[in-house]
Amino acid sequence: MRLYIDPGTGSMLFTILIGVLGAVFYSLRMLFIKLRFRLGGGKVDASQSKIPFVIFSDDKRYWNIFEPIVREMSARGKKVHYITSSPDDPALSAEFPGFTAENPGSENKVFTRLNFLNACIVFSTTPGLDVYQWKRSKDVDWYVHIPHTAGEIVIYRMFGVDYYDAIMTSKQKQVDDIRLLEKMRNLPEKECPRVGVPYLDEMAKRVEAAGPIPEHERTVLLAPTWGTEAMFVKYGGKLIEKLLETGYHIIVRPHPQSFVSEKDTLDELMKKFPNSEQLEWNNDRDNFDALRRSDILITDFSGVIYDFGLVHNKPVIYTEPKFDLTMYDAGWLAEDPEYRLGSYDMLPRIGVQLNDDMLDNLKAVIDECIEDEKYAESRRKLKEDIWPNYGEGAKYAADYLISKYEEITAEREGKK
């Protein structure tokens, strides 16, 4: 019989192991520094091996978040080191002056590498710092988080960003929610520079470069997220059936996690509704082609709403943005009956909420969303609210990182 260890216990055991290894590591490291100091006549600087900027990515699909910032940092002559959990991350073959990348190996090796880092600034889109296996290193001065969408900052698992020192934001609602959580949990205030959304900037440039899409039959993109409250769970195959009845071309693009966590459900749906001239299942790593070819998006609370509605400037049909918040940071805020997620106010401005009564008249609903100009005007105004520094997000992100590095370095030099 195999020994089973649940994730919580596994995380605890890993933390204990890291603590023991950390004590040994730091003892040996300090001994080594003292020896170098004596052998070097008292001229060794213990911080000389400190990496200026480190990026950590837990998945290859987040390279689009970091690439524009890496490019900007490289253009300014800054050295950036990239640590990824994916052995096939595109970053590993990227070539920028001063840029290096590594995949340490297994998940435990990645976390061990991170937990013993000697760096000035660590920059990541991964939540859960100092909550699970990923611990703050004693030799890292500053941790910075950047969200991987322009959406809610509080739709992370509980304590998702509590132990970062700074969070790059795009809209005031994100800052407001961070401040509420800090007050409720008695946390020090984080720095919240409003830099914009660099990856959306890159997508916008790509859309412009691609030019107008050729004439095509009206196309609907069904792209739900995953989980117990997501669209496939709520509607199953009924929604796909109704979409096929419209006669329009249908692209079904599940969330990447669905292929892992909802494999049985997906297998059943793909068997019942196989690829055909009218319907295609899409799981390309890059969603650009699927978004570009589609005239309207049907989704739930997926971050693709921002990509489609703001970058491609097309309408959205969405399900009611309500789900169980118990396990999320938003669950704490939802205890206040007057609190509202930003999505509740944002979604009605870019499209129509889907309900069961609409299913039998879905074709007309789709046509109205595409053809009514009021939604285009609402999207324009929404872009102004949540997408600041349009086209320059990477510049503002680099400005912050470099400024913080110079501040930390000056403070360290002043203490010598």
Side-chain angles (χ1 to χ4, degrees), residues 2 4 6-7 58-61 86 88 148-149 151 155 157 217-305 307-308 314-328 343 347 351-366 369:
R2 293 183 178 181
Y4 171 75
D6 65 85
D58 63 74
D59 193 278
K60 63 184 178 181
R61 67 178 181 269
S86 297
D88 56 346
H148 63 268
T149 78
I155 302 299
R157 292 284 179 173
E217 61 180 310
R218 184 156 283 181
T219 300
V220 180
L221 173 62
L222 176 62
T225 188
W226 66 283
T228 57
E229 303 292 328
M231 191 172 282
F232 281 147
V233 175
K234 184 172 183 178
Y235 289 104
K238 185 177 181 181
L239 182 56
I240 298 177
E241 287 179 351
K242 293 300 181 180
L243 284 171
L244 290 172
E245 289 175 7
T246 66
Y248 294 144
H249 186 72
I250 310 301
I251 301 174
V252 185
R253 181 179 169 82
H255 189 282
Q257 188 62 34
S258 291
F259 289 97
V260 178
S261 301
E262 301 168 335
K263 186 178 184 303
D264 291 344
T265 299
L266 275 187
D267 287 346
E268 183 179 338
L269 289 172
M270 293 173 75
K271 182 178 180 180
K272 184 175 181 180
F273 303 100
N275 280 301
S276 65
E277 289 188 6
Q278 187 185 1
L279 181 142
E280 60 177 287
W281 289 85
N282 180 282
N283 65 346
D284 296 343
R285 185 182 67 83
D286 186 350
N287 67 7
F288 180 80
D289 179 66
L291 269 59
R292 183 168 181 261
R293 290 189 291 120
S294 302
D295 300 296
I296 190 167
L297 167 70
I298 300 180
T299 187
D300 31 46
F301 40 89
S302 171
V304 75
I305 289 171
D307 302 356
F308 195 83
K314 297 174 184 178
V316 175
I317 295 176
Y318 59 91
T319 55
E320 185 177 14
K322 289 185 178 180
F323 56 101
D324 185 4
L325 298 174
T326 305
M327 297 298 294
Y328 303 91
S343 302
L347 290 175
V352 171
Q353 180 179 310
L354 180 69
N355 58 53
D356 293 341
D357 296 336
M358 292 179 179
L359 292 181
D360 290 329
N361 198 32
L362 194 53
K363 185 175 185 298
V365 175
I366 290 171
C369 284

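Computed from a predicted model, the values in this text were never measured in an experiment. Here, residue 1 is the first one in the sequence, and each next residue gets the next number. Because only heavy atoms are used, hydrogens play no part in the values below, and waters and symmetry mates are left out as well, while side chains stay in.
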Contacts of type side-chain contact (heavy atoms from CB on, under 4.5 Å), residue D360, not counting sequence neighbours:
K242
Is it the case that the side chain of K314 and the backbone of L297 share a donor-acceptor pair, with hydrogens and angles ignored and the cut-off at 3.5 Å?
no
Between W226 (side chain) and P254 (backbone), is there a donor-acceptor pair under 3.5 Å?
no
N355 side chain to M358 main-chain N or O, any donor-acceptor pair under 3.5 Å?
yes
For M231, is there any backbone N or O sitting under 3.5 Å from a side-chain donor or acceptor partner on D300?
yes
Would the number of heavy atoms belonging to other residues, nucleotides or ligands and lying under 6.0 Å from CD of Q257 be above 12?
yes
Taking ring-ring contact (aromatic ring centres under 6.0 Å, His included) as the definition, give me every residue that meets it alongside H148, ordered by chain and number, with sequence neighbours left out.
Y62
Does E277 offer a backbone N or O that forms a donor-acceptor pair with the side chain of H249 under 3.5 Å?
yes
Rounded at 0.5 Å granularity, tell me how far CG in N275 sits from CH2 in W281.
8.5 Å
Evaluation steps, side chain to side chain contact (heavy atoms under 4.5 Å, CB included), between D307 and F288
CA-CA 9 Å; D307 302 356; F288 180 80; over 6 Å; no
Could you please spell out the steps behind the side chain to side chain contact (heavy atoms under 4.5 Å, CB included) verdict for L279 and L243?
CA-CA 10 Å; L279 181 142; L243 284 171; over 6 Å; no
Which residue in the set I317, V365, V352 passes side chain to side chain contact (heavy atoms under 4.5 Å, CB included) when paired with I296?
I317
For Y248, is there any backbone N or O sitting under 3.5 Å from a side-chain donor or acceptor partner on Q278?
yes
Atom pairs and distances, side-chain donor-acceptor, residues 217-225, under 3.5 Å, sequence neighbours left out:
{"unit_1": "R218", "atom_1": "NH1", "unit_2": "D367", "atom_2": "OD1", "d": "2.9"}
{"unit_1": "R218", "atom_1": "NH1", "unit_2": "E371", "atom_2": "OE2", "d": "3.2"}
{"unit_1": "T219", "atom_1": "OG1", "unit_2": "E217", "atom_2": "O", "d": "2.9"}

